[in-house]
Amino acid sequence: MNVEQLYEFLREKQEAKGYFFNRDTPRVFDLLRGLQQNMERYGYMCCPCRLAANDRVWDRDIICPCVYREPDVAEYGSCYCGLYVSKEWNDGKVPAVYVPERRPPEKTFGVR
Amino acid sequence: MKNQVKLYALSTCIHCRDTKEFLNKCGVDYDCVDVDKLQGEERRQLIEEIKQTNPACAFPMLMIGPKVIIGFKKEEIKEALNLE
């Protein structure tokens, strides 16, 4: 599946759940390429902005869409890496701010 | 690492790319390590070192002398580097 196909495949599914791709489409394509690279390297789509432990079970919380997307989009209008945003964020009604890492630090014990 | 400015990044991270682009645009000399590209003992040691000041192991991690900036925070970076 190339990145354009992945874009269409995901967009439909995720918009139905209320999560929209960032309006900056070239940026989205770069993020999707990051996910594809991680799929090739680790065998799972680890968040492109987090260091993978190369352990699918350990990293299940950061397999995209990560479990932190919901609280992050609710609080900041954007997920950690900026791939998924709320409609309001895309409409410029929510300020684009830095989203801090919500993942508990002890989860990085798997990162060696 | 010889430069005062050190960037710990991930090759797939877009915020890390934003940081590199911003530092390049400002003409800042910096050393950069894509931590996800490291292997074995070198990787393990660096991650332990990073966790001392960055327990969440979040990236980008920018070190300007003793100051640590986690995330692409343009204003904080400009201030720390005395940039307009």
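This one's a predicted model, so the numbers in the text were calculated from it and none came from an experiment. Lettering follows sequence order; numbering is per chain, from 1.
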**Student:** What part of L46(B) gets closer than 4.5 Å to chain A, counting heavy atoms only: side chain, backbone, both or neither?
**Tutor:**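 For L46(B), there is no contact with chain A at all, as no heavy atom is under 4.5 Å.
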**Student:** Between the side chains of E21(B) and R17(B), is the shortest nitrogen-to-carboxylate-oxygen separation below 4.0 Å, so that they form an ion pair?
**Tutor:**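 Between E21(B) and R17(B) there is a salt bridge, with a charged N closer than 4.0 Å to a carboxylate O.
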**Student:** Relative to chain B, which segment of R41(A) carries a heavy atom at a distance below 4.5 Å: side chain, backbone, both, or neither?
**Tutor:**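 The answer is the side chain of R41(A).
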**Student:** Between R50(A) and D59(A) (salt bridge meaning N to carboxylate O under 4.0 Å), is one present in this structure?
**Tutor:**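 The answer is no: the pair does not qualify as a salt bridge.
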**Student:** Looking only at heavy atoms, what is the nearest atom pair of G71(B) and Y98(A), with distance?
**Tutor:**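 Distance-wise, the nearest heavy atoms are CA-CE1, 3.4 Å.
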**Student:** Under 4.0 Å between a side-chain nitrogen and a carboxylate oxygen: does that hold for D72(A) and R69(A)?
**Tutor:**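 Answer for the salt bridge query: no.
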**Student:** Below 4.5 Å from any heavy atom of chain A, which atoms of D18(B) appear? Answer side chain, backbone, both or neither.
**Tutor:**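 Side chain only.
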**Student:** Quick check on I14(B) against chain A: is it the side chain, the backbone, both or neither that has a heavy atom closer than 4.5 Å?
**Tutor:**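 Both backbone and side chain.
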**Student:** Taking side chain as everything from C-beta outward and backbone as N, CA, C, O, which of these in N38(A) sits under 4.5 Å from a heavy atom of chain B? Side chain, backbone, both or neither.
**Tutor:**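 Contact with chain B is through the side chain of N38(A) alone.
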**Student:** Does atom CD of E15(A) have more than 12 heavy-atom neighbours from other groups under 6.0 Å away?
**Tutor:**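 More than 12 heavy atoms, drawn from other residues, nucleotides or ligands, come within 6.0 Å of this atom.
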